[in-house]
**Q** 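Below is the structure I would like to discuss, written out as structure tokens.
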There are 2 protein chains.
Amino acid sequence: MATIYDVAALAGVSPATVSRVFNGITVSAERSDRVRAAAEQLSFTPNRTARTLRKQSSEVIALIIPDIENPFFTALARGVEDVAQASGYSVVLCNTDEDAEKEARYLDVVVSENMAGIILAAASDLVDLTDLTRRGRPVVAVDRSLPDVDTVTVDNVAGGRDATRALVEQGFRRIACITGPRGRTTAEGRADGWREVLMTTSAVHADLDRYLRHADFRVEGGHAAMVDLLNLPEPPDAVFVANNLMAVGALRALIEHDLTPPLVGMASFGDLPFATLSPRGVTVIRLPARLLGEAAAQLLIERLHGDDRPRQAIRLGNSA
Amino acid sequence: MATIYDVAALAGVSPATVSRVFNGITVSAERSDRVRAAAEQLSFTPNRTARTLRKQSSEVIALIIPDIENPFFTALARGVEDVAQASGYSVVLCNTDEDAEKEARYLDVVVSENMAGIILAAASDLVDLTDLTRRGRPVVAVDRSLPDVDTVTVDNVAGGRDATRALVEQGFRRIACITGPRGRTTAEGRADGWREVLMTTSAVHADLDRYLRHADFRVEGGHAAMVDLLNLPEPPDAVFVANNLMAVGALRALIEHDLTPPLVGMASFGDLPFATLSPRGVTVIRLPARLLGEAAAQLLIERLHGDDRPRQAIRLGNSA
DNA sequence: CTTGACCCTGAAATCGATTTCATTTAGGCT
DNA sequence: AGCCTAAATGAAATCGATTTCAGGGTCAAG
């Protein structure tokens, strides 16, 4: 309720001086004390809206993710939060539900709220960032890379390779792949890793695509794809699933068909959520979700502090 | 980049008129068209910071939760989001990590960013909401009730009763309880339900507290408490766990001791996350997490629209 | 003693919208 | 035609901070 003018009046100084006290600009000790006492007495908190309007930038960074119910993204969010808080930024989390329209709406909010910057795991490959970049708002793409902006990702192809190789080593031969939507770089990369390994292995050369399914990165999609694969005349004896939630769905399908791993082999790109509950027969490619968030926040904050190196593309490793 | 003045100049009208066009105040059709055309041409988006400063309130509501990695809260968040979006509000999500200090910081942000209202699942029973209520910002407590403000909760005592009764019916007798921190109303309520049932049953009257553990609502806490219970001279033959994450931990402890349910009985207050992965022997009290969020958002928005009924306390049922 | 450099300080402009208030214009009624 | 009411419009004030600019004071060097 109290404004800078109230404080100024009570302390017997000008509003400008009050502002300076709170912004670390030299003010005589005596006045400074008076101002602080007055502020204390009125329990004054500076109005961030006014400050943001004047400075044309707030101390809030937006983290936009496609699925808040996916533990991978919440872990990532934790990483972002830790680093941001430590540097004095608040993080607001926006959930797009993989919906390009919702995403666009949140991007508008970011612009018109003058937020300092954005960390974005994009729902759409075609996001329009021109509004943001034109206004000099730094953007860091995380998990899913985007053209022209800094990115922090994992090595999708290597992960797909590692997972598939593990299944081969376990003796499986007809290894299927359930990946994400067609055209998504993460989905395609992981499937590429799978394809690479199978091409160089004795396995089914002929028609790999027979064993490839594109789903939606969600539990139900993974379930449906697995059921579909099991209904093939010659069903796979193992499956590489390209994200954690689809792996949960696929696993459920296997259990329903009494094919609980390791009866059918399974590898998941990304930890199964609450893994303590899941069968031991599943190979998991562990992803550094939290680190991803930390690295992205780190990078964003460096940009906010004026760093103008050329575009960075950080790629973190995974651990089988 | 474009401001209302730019649009006004291009359309040949005053800024006031531009504002009116965007706020649904009558403006002649001809001018209105010119303004819209100009706005389109300049790709004008009104600056929310300025608008918020002038109106002393934004269209953003804050949702403050204690643990973003708990699927219960993310489901709740989805409910809030759906309702809020439908009414034109954006939701920003703040994670306090059960830390009262972080919570206080976010509450400050809410005030000084002039956010419209708050939905709060409080980390501390002693939150100070005076700043908020003094400024007329509506607050709705969700999941964890608070004095003096609207609340939306589940019936904790009934849930505890239902869960315990189910275990009794399954033939278990030495039923332990792992609940949340001492003094937390949710934790105490659930334990009360458990106690009630055991008092009226043939079961161990003597020293109920021997089988009661207080943990921290997290996976590791549940695990430790379960291990502790299993080390008793006369370990329990079943356990009621008062939240989903502790249930995951307790379950892991049981599995590690080769006591996978139903060898030892187990009931969980709240769905086990990604339940498809978990043993069938666990009784689950299903919680309407999403509904909780929807109801809270509904209530908050009614308050924002000027509803001034006396304090509401909505209690949703659960389903065994 | 004068001059210049530097530090504090306050008055006033500024950020970009909304809103009050006064004025103009148009339309309806007698 | 004349008068009154209502609608449309623009000028200017406002929200609460930051920041520019200019003035006043202190101190050291010449």
Side-chain angles (χ1 to χ4, degrees), chain A residues 1-36 38-39 42-60 108-116 131 135-137, chain B residues 1-36 38-39 42-60 108-116 131 135-137:
Chain A
M1 216 73 214
T3 73
I4 205 171
Y5 297 95
D6 303 327
V7 176
L10 181 59
V13 302
S14 76
T17 300
V18 178
S19 172
R20 291 195 258 258
V21 168
F22 283 94
N23 289 282
I25 303 188
T26 48
V27 168
S28 73
E30 178 228 359
R31 273 159 203 269
S32 170
D33 288 345
R34 286 217 311 273
V35 168
R36 273 181 222 289
L42 298 172
S43 67
F44 164 75
T45 320
N47 182 316
R48 287 187 190 224
T49 304
R51 155 185 265 255
T52 299
L53 177 59
R54 178 62 230 235
K55 308 235 298 187
Q56 300 287 312
S57 173
S58 70
E59 280 86 46
V60 173
D108 270 357
V109 172
V110 168
V111 170
S112 58
E113 293 265 8
N114 288 309
M115 292 184 184
D131 261 16
R135 281 166 219 235
R137 300 275 174 248
Chain B
M1 217 71 214
T3 75
I4 206 171
Y5 297 96
D6 302 328
V7 176
L10 181 58
V13 301
S14 78
T17 299
V18 177
S19 171
R20 291 196 257 259
V21 169
F22 282 94
N23 288 283
I25 301 187
T26 49
V27 167
S28 73
E30 178 230 0
R31 271 159 205 266
S32 170
D33 289 346
R34 286 217 310 274
V35 168
R36 274 180 221 289
L42 298 173
S43 67
F44 164 75
T45 319
N47 181 317
R48 288 188 189 224
T49 304
R51 153 185 266 255
T52 298
L53 177 59
R54 177 63 230 237
K55 308 235 295 185
Q56 300 287 307
S57 174
S58 71
E59 280 84 48
V60 173
D108 269 357
V109 173
V110 168
V111 170
S112 59
E113 293 266 9
N114 288 310
M115 293 182 184
D131 261 16
R135 281 167 219 233
R137 301 274 174 249

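Protein chains get the first letters and strands the later ones, always in sequence-line order, with residue 1 at the start of each.
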**Q** Using a 4.0 Å heavy-atom cut-off to protein, can you give one letter per nucleotide of nucleotides 13-18 of chain C, 5' to 3': B if the base is in contact, S if only the sugar-phosphate is, - if neither?
**A** BBBBBB

**Q** Counting only side-chain nitrogens and oxygens, does Ser14(A) get under 4.0 Å of the OP1 or OP2 atom of dT9(C)?
**A** no

**Q** Counting only side-chain N and O atoms of Ser28(B), is one of them less than 4.0 Å from OP1 or OP2 of dA7(D)?
**A** no

**Q** Distance check: side-chain N/O of Thr17(B) vs OP1/OP2 of dG10(D), anything under 4.0 Å?
**A**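 Yes, such a contact exists.
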
**Q** Tell me the bend of the helix from dC1(C)-dG30(D) to dT30(C)-dA1(D) as the angle between end helix axes, each from five pairs, rounded to the nearest 10 degrees.
**A**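 Axis-to-axis angle, ends of the helix: 50°.
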
**Q** Quick one: side chain to side chain contact (heavy atoms under 4.5 Å, CB included) partners of Ala9(B), sequence neighbours excluded?
**A**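 Here no residue qualifies.
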
**Q** Who passes salt bridge (charged side-chain N to carboxylate O under 4.0 Å, His left out) against Asp131(A), sequence neighbours left out?
**A** Arg134(A)

**Q** Show me, pair by pair, the donor-acceptor contacts under 3.5 angstrom made by side chains of residues 11-18 of chain A, not counting sequence neighbours?
**A**
| from | atom 1 | to | atom 2 | distance (Å) |
| --- | --- | --- | --- | --- |
| Ser14(A) | OG | Ala16(A) | N | 3.4 |
| Ser14(A) | OG | Thr17(A) | N | 3.3 |
| Ser14(A) | OG | Thr17(A) | OG1 | 3.3 |

**Q** Is there a side-chain contact between Leu42(A) and Leu10(A) (heavy atoms, below 4.5 Å)?
**A**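 With C-beta onward as the side chain, the pair touches.
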
**Q** I'd like to check the side chain to side chain contact (heavy atoms under 4.5 Å, CB included) partners of Ala116(B); sequence neighbours left out, ordered by chain and number.
**A** Ser57(B), Ile61(B), Tyr89(B), Leu304(B)

**Q** Who are the side chain to side chain contact (heavy atoms under 4.5 Å, CB included) partners of Ala50(B), not counting sequence neighbours?
**A**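 For Ala50(B), the residues satisfying side chain to side chain contact (heavy atoms under 4.5 Å, CB included) (neighbours in sequence not counted) are Leu53(A), Asn47(B).
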
**Q** Going by salt bridge (Lys or Arg N to Asp or Glu O under 4.0 Å), name the pairs with one or both residues in residues 22-33 of chain A, residues two or more places apart or in two chains.
**A** Glu30(A)-Arg34(A)

**Q** Once salt bridge (charged side-chain N to carboxylate O under 4.0 Å, His left out) is applied, do any residues pair with Arg51(B), and if so which ones, sequence neighbours excluded?
**A**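 With sequence neighbours excluded, Arg51(B) shows a salt bridge (charged side-chain N to carboxylate O under 4.0 Å, His left out) to Glu59(B), given in chain and number order.
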
